[in-house]
Amino acid sequence: MVFISATTDAGNISSPSNNISVYISIVDGVPVYSVFYKGKTVIAPSKLGLKLADAPDFVNGFECINQSTSSFDETWQPVWGENSHIRNHYNELLFEMHQPSTERFMNVRFRVYDDGVGFRYEWPQQHNLSYFVIDDEMTEFAMSGDHTAWWIAGDYDTQEYNYTESHLSEIRGKMNESIDNNASQTTFSSTAVQTSLQMKTDNGLYINLHEAALVDYSCMHLQLDDSAMVFRSWLTPDAQGHKCHMQTSAKSPWRTIIVSDDACDILSSNLILNLNEPCAYEDVSWIKPVKYMGVWWEMIAGGKQWSYTYDLPSVKLGETDYSKVHPHGQHPANNENVKKYIDFAAEYGFDQLLVEGWNIGWEDWFGKSKDYVFDFVTPYPDFDIAMLNDYAHSKGIKLMMHHETSSSIRNYERHIQQAYRLMNKYGYNAVKSGYVGNIIPRGEYHYGQWMNNHYLYAVKEAAKYKIMVNAHEAVRPTGLCRTYPNLIGNESARGTEYEANAGINPGHTTILPFTRLQGGPMDYTPGIFEMDLSKFNPSNKAKVNSTLARQLGLYVTMYSPLQMAADLPENYARFMDAFQFIKDVPIDWEKSIYLEAEPGQYIVVARKEKGGENWYIGCTANENGHTSVLNFDFLDSGKQYETIIYRDDVDAHYLENPQAYIISSQKITSKSRIKISAAPGGGYAMSIKLIE
């Protein structure tokens with residue numbers, strides 16, 4: 001380890017390869033930083049600082065009192081992930097500052113990796129600063145030009161938007177058309193966007209802005225000054241309009257900048273994970289990746305109901321007697337139907353079955369700002385929780401719990417212990433939680449400091465009961481799954497459910513790995529085989545914007561240790577040859593190699609199964625399709641493999657002929673080359689198995 005100490009008002013640090021460098025200085029009392037990649041400007045001189053409530057700001061009047069550098073290099077093993085081993089190698093600069101007019105101190109810590117930069121604010125314990133309230137974070141990210149960007153609108157309550165591709169200068173003009181309706185949404189600016197933000201410069205640099213280790217702090221958006229092409233941090237406020245309530249010693253999340261001249265490097269970056277703390281648990285044996293099915297799509301797309309009866313205009317838990325109402329007969333979470341799903345899931349090797357709508361209270365769950373909305377323990381009369389769990393266990397699978405909170409957070413926290421105990425009682429070890437609607441306490445937002453603390457509280461409490469959490473509508477991930485690996489998934493983006501109503505752009509899944517997935521895996525719920533939803537729900541005229549072959553490719557391109565086969569069993573039964581890939585594809589990986597990538601256009605990735613010798617390849621393409629010439633030099637030299645290829649037929653098209661696919665097989669070696677095409681809105685999948 002190298003250690004240098006100095007007191008000048010400027011400092012610099014480079015990555016281990018020297019490809020990335022950071023320069024920081026005090027200019028007229030203001031801290032200013034810049035970032036460079038191979039001599040090209042990534043971040044032009046940008047100011048640092050914060051505005052406080054009822055206290056002098058941390059904006060100017062600074063002097064550097066000390067700076068020190070160090071190096072760090074380790075290799076760690078995630079509990080699950082795209083790779084079984086991750087190298088964490090960086091050079092660090094700690095820039096310590098003093099504000100003489102207030103006798104307060106603030107530090108900025110930079111970690112510079114070969115794939116990017118992370119920096120954060122730190123406030124050590126000090127006599128003149130103990131409790132303080134942040135009203136604005138003034139961190140700037142000055143762009144060197146009018147870059148192309150893939151963005152969604154800044155919003156305090158949702159990320160469930162289609163992405164827009166445009167130049168930065170076009171964001172203002174395209175903002176209104178980028179926003180569609182959501183159950184809870186709060187946009188706030190004509191030029192604000194959300195992280196993770198992916199950009200590409202005219203000179204071929206790919207730049208990604210996000211944050212890591214979002215703990216006890218407010219979620220960051222990016223507010224663009226489109227006259228100067230400068231982004232500034234914009235934090236989600238609380239019900240009082242403040243951004244963060246802090247107590248020293250304290251630190252902000254890391255502000256992250258991933259950069260490369262190769263798009264594949266952005267996808268393979270581990271910067272976000274590396275900036276998070278190591279695993280907090282000594283025993284992780286209970287944390288297992290999950291491949292599951294669900295009593296879900298027939299409600300989302302099929303028009304069935306989460307509720308049990310139409311008789312009740314409102315429900316009062318503890319008072320309403322469900323034995324005295326007439327069931328409407330449209331409730332899929334019933335014993336007979338759930339057993340049918342259990343049988344199918346067990347026959348084809350799935351781990352778990354999610355059942356939504358199992359618990360009382362769904363008759364008036366949404367839009368009422370209702371406090372005591374669910375109790376998370378009482379089943380509807382047609383759901384025998386003990387019998388169904390026993391039946392599932394006898395078939396070798398588990399049921400997955402569902403906790404929709406309706407965003408009544410006080411109610412969920414008041415019930416969470418008994419809810420987790422119920423899960424332990426019946427053998428559940430995973431829960432899908434949901435936060436649909438406006439937050440209670442009223443006035444709080446989904447991405448404010450208070451809610452971010454709640455999401456992490458739920459995960460840490462779940463760990464005490466050895467329960468894994470998949471939170472929907474929660475704040476976008478920032479790598480906390482390294483520290484808390486029972487956080488096995490989130491939604492936090494526009495997922496497959498939108499194919500059933502508002503729609504998803506064909507290129508959406510070519511963007512998400514560059515943006516949303518930078519911070520952690522998504523429960524995208526792929527595997528839809530019937531694209532014309534009217535065929536099983538005549539009242540739903542929506543069509544899924546994908547070919548069947550691409551639905552298979554998503555199991556590889558959309559990395560997650562939590563993968564759902566989201567369609568109905570009867571739809572899979574019609575295409576069992578294609579369904580074989582869903583059965584075969586692993587959900588935990590030894591090694592991942594991104595072969596081809598361009599945001600908004602295509603992604604091709606190869607992954608090697610953990611604990612085995614087989615590989616899998618997936619491709620997703622936008623409405624223009626994509627042709628690959630695959631090079632298999634990642635395979636072991638001198639060995640022979642058999643590959644099964646699931647690809648679009650020559651006349652396949654996501655709108656006109658989505659179910660046209662071909663399955664073929666051939667023997668390959670590390671020297672083989674295969675040309676393969678994805679149709680418009682299509683993709684392909686390959687299983688590559690070692691021939692012993």
Side-chain angles (χ1 to χ4, degrees), residues 80 285-300 302 304-306 308 327 331-360 362 374-404 418-434 462 465-472 486 488-489 523 525 527 560-573 576 579 582-588:
W80 44 258
S285 61
W286 50 277
I287 302 173
K288 304 289 186 183
V290 176
K291 190 185 292 185
Y292 73 107
M293 297 186 70
V295 179
W296 176 76
W297 190 239
E298 59 186 292
M299 292 100 100
I300 294 290
K304 300 293 181 65
Q305 301 297 310
W306 284 264
Y308 176 74
H331 181 232
N334 65 74
N335 294 335
E336 182 180 355
N337 193 48
V338 172
K339 288 175 72 173
K340 180 189 76 172
Y341 274 87
I342 290 172
D343 290 343
F344 187 91
E347 181 177 358
Y348 295 107
F350 287 84
D351 302 308
Q352 300 197 15
L353 174 70
L354 167 72
V355 183
E356 297 198 6
W358 69 276
N359 57 313
I360 63 171
W362 286 91
F374 293 116
D375 69 6
F376 310 100
V377 295
T378 307
Y380 276 125
D382 59 348
F383 187 87
D384 187 333
I385 189 170
M387 181 274 292
L388 288 171
N389 276 282
D390 286 345
Y391 187 78
H393 297 163
S394 74
K395 299 277 186 171
I397 69 170
K398 294 178 180 289
L399 295 187
M400 182 182 292
M401 179 54 73
H402 183 230
H403 288 167
E404 174 54 60
Q418 66 179 20
Y420 288 160
R421 285 194 292 268
L422 181 85
M423 290 179 63
N424 282 175
K425 177 180 178 180
Y426 290 110
Y428 293 89
N429 71 343
V431 59
K432 173 185 174 181
S433 56
Y465 296 86
K466 296 187 176 181
I467 289 170
M468 299 178 287
V469 176
N470 165 30
H472 281 224
N486 64 317
I488 58 167
D523 184 25
T525 63
S560 179
L562 178 78
Q563 291 283 21
M564 185 183 198
D567 212 335
L568 309 179
E570 51 265 39
N571 289 336
Y572 290 132
M576 291 307 296
F579 186 68
I582 299 179
K583 289 174 54 183
D584 290 343
V585 66
I587 47 177
D588 201 11

Apply the test side-chain contact (heavy atoms from CB on, under 4.5 Å) to residues I582 and Q563: give CA-CA distance (whole Å), side-chain angles for both, the deciding distance (0.1 Å), then the verdict.
CA-CA 9 Å; I582 299 179; Q563 291 283 21; over 6 Å; no

I'd like to know whether D523 forms a side-chain contact (heavy atoms from CB on, under 4.5 Å) with S560, so could you lay out the CA-CA distance, the side-chain angles of the two residues, the decisive distance to 0.1 Å, and finally the verdict.
CA-CA 7 Å; D523 184 25; S560 179; 5.6 Å; no

Carefully, step by step, assess M293 and D567 under the rule side-chain contact (heavy atoms from CB on, under 4.5 Å).
CA-CA 8 Å; M293 297 186 70; D567 212 335; over 6 Å; no

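Between F374 and W362, the ring planes lie tilted relative to each other; the angle falls in the 30° to 60° range. Taking the six-membered ring where tryptophan is involved, the planes of Y572 and F344 are essentially parallel, since the angle between them stays under 30° and well short of 60°.
Under the 4.0 Å criterion applied to side-chain N and carboxylate O atoms, K395 and D343 are assigned as salt-bridge partners.
Between the side chains of D375 and Q418, no donor N or O sits under 3.5 Å from an acceptor N or O.
Between the side chain of K339 and the main chain of A392, no donor-acceptor pair closer than 3.5 Å is present. In terms of modelled atom types and a separation under 3.5 Å, the side chain of N424 and the main chain of Y465 share a donor-acceptor contact. A donor-acceptor pair is defined here as one N or O able to donate and one able to accept, closer than 3.5 Å; no such pair exists between the side chain of K291 and the backbone of G349. Using modelled atom types, no side-chain atom of N359 and backbone atom of V377 make a donor-acceptor pair closer than 3.5 Å. Between the side chain of N337 and the main chain of N334, no donor-acceptor pair closer than 3.5 Å is present.
For Y391, there are no ring pair (Phe, Tyr, Trp, His ring centres under 6.0 Å) partners two or more places apart in sequence or in a different chain. Partners of D390 by salt bridge (charged side-chain N to carboxylate O under 4.0 Å, His left out), not counting sequence neighbours: none found.
V431 places none of its side-chain heavy atoms less than 4.5 Å from the side chain of N470.
Heavy-atom minimum distance, W297 versus A566: CB-O, 3.1 Å. Considering every non-hydrogen atom in both A430 and M423, the closest pair reads O-CE, 3.5 Å. When every heavy atom of I467 is checked against every heavy atom of N486, the shortest pair comes out as O-ND2, 3.1 Å.
Exactly one residue among H402, H403, E356 makes a side chain to side chain donor-acceptor pair (under 3.5 Å) with K432. That residue is E356.
Aromatic pair Y292/F350: ring centres not closer than 6.0 Å.
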